[in-house]
Amino acid sequence: MKNYISEVIVQLSSNEASFRAERLYVNKLNIILVQILKHDWPARWQSFIPDLVAAAKTSETICENCMAILKLLSEEVFDFSRGEMTQQKIKELKQSLNSEFQLIHELCLYVLSASQRIELIRATLSTLHAFLSWIPLGYIFESTLLETLLKFFPVPSSRNLTLQCLTEVASLNFGDYYNVQYVKMYNMFMVQLQTILPPTTNIPEAYAHGSGEEQAFIQNLALFFTSFYKFHIRVLESSQENISALLMGLEYLINISYVDDTEVFKVCLDYWNSLILELFDSHHNMGNPAVTAKMMGLQVPLLPGIVDGLCAQLLQRRRLYAGIMSKLRMLMICRMAKPEEVLIVEDENGNIVRETMKDNDVLVQYKIMRETLIYLSHLDHEDTEKQMLKKLSKQLSGEDWTWNNLNTLCWAIGSISGSMMEEQENRFLVMVIRDLLNLCEITKGKDNKAVIASNIMYVVGQYPRFLRAHWKFLKTVVNKLFEFMHETHPGVQDMACDTFLKIVQKCKRKFVIVQVGENEPFVSELLSALATTVADLEPHQIHSFYESVGHMIQAESDPHKRDEYLQRLMALPNQKWGEIIGQARQSVDFLKDQDVIRTVLNILQTNTSVASSLGTYFLSQISLIFLDMLNVYRMYSELISSSIAEGVPFASKTSYVKLLRSVKRETLKLIETFLDKAEDQPQIGKQFVPPMMDPVLGDYARNMPDARESEVLSLFATIINKYKAAMIDDVPRIFEAVFQCTLEMITKNFEDYPEHRLKFFSLLRAIATHCFPALIQLSSQQLKLVMDSIIWAFRHTERNIAETGLNLLLEMLRNFQASEFCNQFYRTYFLTIEQEIFAVLTDTFHKPGFKLHVLILQQLFCLVENGLLTEPLWDAATVPFQYPKNEMFVREYTIKLLTTSFPNMTAAEVTQLVNGLFDSRNDLPTFKNHIRDFLVQSKEFSAQDNKDLYAEEAAVQREKERQRMLSIPGLIAPNEIQDEMLDS
């Protein structure tokens, strides 16, 4: 064996010239050799390292290739083989390699101390880097390795590889045992770094003009500092003699953070966020010594003297980082990422354009930067305000004016909304908004004005509390938004409408009362100039504007004023609607014109927008157009059906038919929106549901599949969810119209009519929840169709459909259990349901349904135990043995089912599982854990991502995090907080 390994290695690299020429070939042979060793362990493993080291000492060329083989070996065993090798085998290989590592360690140190060959030194450093993360720590800290590495740091050819090795060492965290060595390494590193990269260097500029190697050095330097500080900053803080070196390193990292490279900035930002969060938590919990002590790893409870000392230590630490935090505030302000609400961006040609697609990476970066800046703001509000206002004054003076500088500043100002005390926020915002409005007045150029407008809109949209408290500012801002609605620069109008809607939602009450110094409420003034205000807006922007005004009107408590405002708001679309209906009464063909169809669609969309914000108070308006709207619906439906029936290829895809269908869908959407938003008033249902039965339901049943609108299903699901048991008498007719024909559409495969699928099962669930007695009246054949469709639904791989099917099934099980038909239903369907649920539970495609699978199985197992089932679940004709109780039969049936399905599990394991399920059926957490353990134990789930099995726990954790964020002012933006007291 020894001769074989040595011979292979020597043959691979004996001739230097051929070794260089055939490097790719040699690399491939290296990989093959490592694969043989990995998979033929331990037969070849024990003598391999000694053979390799022996071969390496014969020549530098061979040594270089041996280093490449060792690096490959480390990567193959510990990086790339996690899915191929068992953890036990990896552990054994690691232990074996550890025992042989002394030879590798000696070889590396020998090469680094004796060789002058650059390629060999680089190969050795690269090999060390691969081993450093897992070798015994003594080889690093109790040898000359660190000193040797630091000697190579100043050498340009080996600098980056050395820095990678030092970063790997900095990333190790095994307690305080090697603190002295870490401090020594850091101080020696900082001395050398000042020579290589003087502290006065403009690092962003050097990076921009540097070579690939020089840029890689900056990247590696960021990784080194962030890794070291993440695990070892406390040891540097603890000694006064190390403070200057620590602060200098942090200064380097701040300068690196300005480098114009996304990946470098991400590395820096991740660390800054963790450091500032730690400092903030200490500050935030100053009044809770137990929490603070726990964060610092101290024992609790604490004696009073120790508590005082702890508080003093925390204050001292905060003072230590005060200068760094101030510079970090400026960094966050200067580099703030673009928030989602901003629609106006600078393209690659330097033009200001409307954003066409959201960049998710930028949104994630904004979230982290926003959080970091809020923590920094809490740690020193005055410094945050001072830096922002100073930078804003430079924009006004022109000293620092650029689009990017203004953008990042305003994004930063908007991001800290809610983090200041109200009085300070008011003072700050008065100055900010005043300066931004002045900047808009004095700056020339359409692009410049578009950028300033975008920033004004973003900032004011983030501070509803300020606007509610300052009517004059609120009115000025809204009037400015109306100005921007006439600005045709791409994106400005959209952002103006979005910001107007956001402000109205949070300040709506302010617009319907007569403010000091005003003659009438603002909403009345707005309605008088409505036509002028919306004159330059696109249809979708007009819809948004109408929705905003609907919110204002909804805040008016006087019914007469409310109806008057609504009438004035809808005057323009109603006038146009009246003209169209009048013309249609003279000649129905008028409605067939495509321009008329588009106008009808636009009027309906406007109505839907107002209904969504006005709710119940939209009644007078929808009553005005309802019957005419149904007549238009019926006529357009007939036109669609006749077009498709003519047999023209792709008739349903023509622009004309699509336009007609858009009107039908919008009609259904308008009715559904109104009924859903309207308060629970039975007379509204009685007024609107009966007239829809034939024009809507009958039309659905009569139509060809391609002409059926899925919105019909969601509309009637909404109606049943809204009016509940009052709809029982109508369910048979609904069922007759939609059930059979929809099932035929959606059960041929899993792809056709995707919208009909989810909405159909949502309708079924509404019926099962609120009109269950109507389901009992179904024939056995009809009920079988319902149950088959439910099983089909939860088998579906589309998550929403499967989840709706499971919820529907759970509803049915509970309702039948409480009904007089309990025995009849469960005798027919119990075993089928159990078998189907276990099938989707264990097939690995339906993991998101785990919670509901568990609840259904628990329901079934509890049912057979509580005595409600008085008839046997087994078929006496096929099961000759008579069981004393259903529970015994179901236990045995379940054991057989799982034993057959999982031959890799023993009968004893399955029996233990089933017994555990029955024993824990009344304890949901334990019951769930039994099933979870079973899934992980089975081979199907063993090597997969099983996070969906823990979705509930993750949801609980997310809610805890949300509560933590709510406790810190500003962390959740004011616009995201649902607050009923906003308009007070």
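- When side chains are defined from C-beta on, Y186 counts as touching F225, because their heavy atoms get closer than 4.5 Å.
- Sequence neighbours left out, not one pair with a member in residues 120-140 passes salt bridge (charged side-chain N to carboxylate O under 4.0 Å, His left out).
- In this structure, L277 CG and I368 CD1 are separated by 12.0 Å, a value rounded to the nearest 0.5 Å.
- Contact of the L247 side chain with the L320 side chain is registered, since non-hydrogen atoms from C-beta on lie closer than 4.5 Å.
- Residues meeting the salt bridge (charged side-chain N to carboxylate O under 4.0 Å, His left out) test with E147, sequence neighbours left out: K184.
- Separation of atoms CD1 (I118) and OG (S157) is listed at 4.5 Å; rounding is to 0.5 Å.
- In this structure, L103 CG and H105 NE2 are separated by 11.5 Å, a value rounded to the nearest 0.5 Å.
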(request) Output, in order, the C-alpha distance, side-chain angles, deciding distance and verdict of ring pair (Phe, Tyr, Trp, His ring centres under 6.0 Å) for F224 and F189. (result) CA-CA 10 Å; F224 172 80; F189 175 85; 4.2 Å; yes

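- Annotation for R159 and P154: closest pair NH2-O, 2.7 Å, computed over non-hydrogen atoms.
- Closest non-hydrogen pair, L107 versus C63, comes out as CD1-SG, 4.4 Å.
- Separating the NZ atom in K71 from the SG atom in C66 is a distance of 15.5 Å, to the nearest 0.5 Å.
- Taking 4.5 Å as the limit, every side-chain heavy atom of C165 sits out of range of all side-chain heavy atoms of V169.
- Expressed to the nearest 0.5 Å, how far CE of M325 lies from CG of L376 amounts to 7.0 Å.
- Taking every heavy atom of both residues into account, N187 and A245 meet most closely at OD1-CB, 3.5 Å.
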(message) Working note: L166 + L150, criterion side chain to side chain contact (heavy atoms under 4.5 Å, CB included); need CA distance, chi angles, decisive distance, verdict.
(response) CA-CA 8 Å; L166 293 172; L150 285 164; 3.9 Å; yes

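- Counting all heavy atoms, side chain and backbone alike, K338 lies closest to Y366 at O-CB, 4.0 Å.
- At a cut-off of 3.5 Å, with distance as the only test, no side-chain donor of Q215 or Q219 sits close to an acceptor on the other residue.
- Within the 4.5 Å cutoff, side-chain heavy atoms of Y321 are placed close to those of I233.
- In this structure, the side chains of C108 and M67 come closer than 4.5 Å at one or more pairs of heavy atoms.
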(request) Begin with the C-alpha distance, continue with both residues' side-chain angles, and end with the deciding distance and a verdict on side chain to side chain contact (heavy atoms under 4.5 Å, CB included) for L172 and Y182. (result) CA-CA 10 Å; L172 300 173; Y182 271 117; 3.5 Å; yes

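- A donor-acceptor contact shorter than 3.5 Å is absent between the side chain of S126 and the backbone of A123.
- With S326 contributing its side chain and A322 its backbone, the two residues share no donor-acceptor pair below 3.5 Å.
- L250 has its side chain within reach of Y229: a pair of non-hydrogen atoms, C-beta onward, lies under 4.5 Å apart.
- Nearest heavy atom pair, residue C268 against residue I256, reads SG-CG2, 4.0 Å.
- Side chain of S115 to main chain of V111: no donor-acceptor pair is present (N/O by atom type, distance under 3.5 Å, no hydrogens or angles).
- Panel note: side chain H232, backbone V183; no donor-acceptor pair is recorded below 3.5 Å.
- Counting heavy atoms from C-beta outward, R117 and T61 have side chains that approach closer than 4.5 Å.
- Crowding of N202 atom CG: a count of heavy atoms from other residues, nucleotides or ligands under 6.0 Å exceeding 12.
- Side chain of S274 to backbone of Y271: a donor-acceptor contact under 3.5 angstrom is found.
- Checked by atom type and distance alone, the side chain of S282 pairs as donor or acceptor with a backbone atom of E278 at under 3.5 Å.
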(request) Please test L128 against L161 for side chain to side chain contact (heavy atoms under 4.5 Å, CB included), starting from the C-alpha separation and ending with a verdict. (result) CA-CA 9 Å; L128 268 175; L161 283 167; over 6 Å; no

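- Separation of the F902 and F934 ring centroids falls under the 6.0 Å cut-off.
- Counting only residues at least two apart or on different chains, the side-chain hydrogen bond (donor to acceptor under 3.5 Å, both in side chains) pairs with a member in residues 246-258 are E251-K327, S257-W272.
- For the pair E168 (side chain) and Q164 (backbone), a donor-acceptor distance under 3.5 Å is absent.
- In the displayed structure, D176 atom CG is contacted under 6.0 Å by at most 12 heavy atoms of other residues, nucleotides or ligands.
- No side-chain heavy atom of F153 sits less than 4.5 Å from a side-chain heavy atom of L149.
- The two residues S415 and M336 make their nearest non-hydrogen contact at OG-CE, 3.7 Å.
- Taking CG of L145 as the start and CD1 of I140 as the end, the distance is 7.0 Å to the nearest 0.5 Å.
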(request) Check the pair Y207 / E214 against side chain to side chain contact (heavy atoms under 4.5 Å, CB included), numbers first and verdict last. (result) CA-CA 7 Å; Y207 185 91; E214 289 166 338; over 6 Å; no

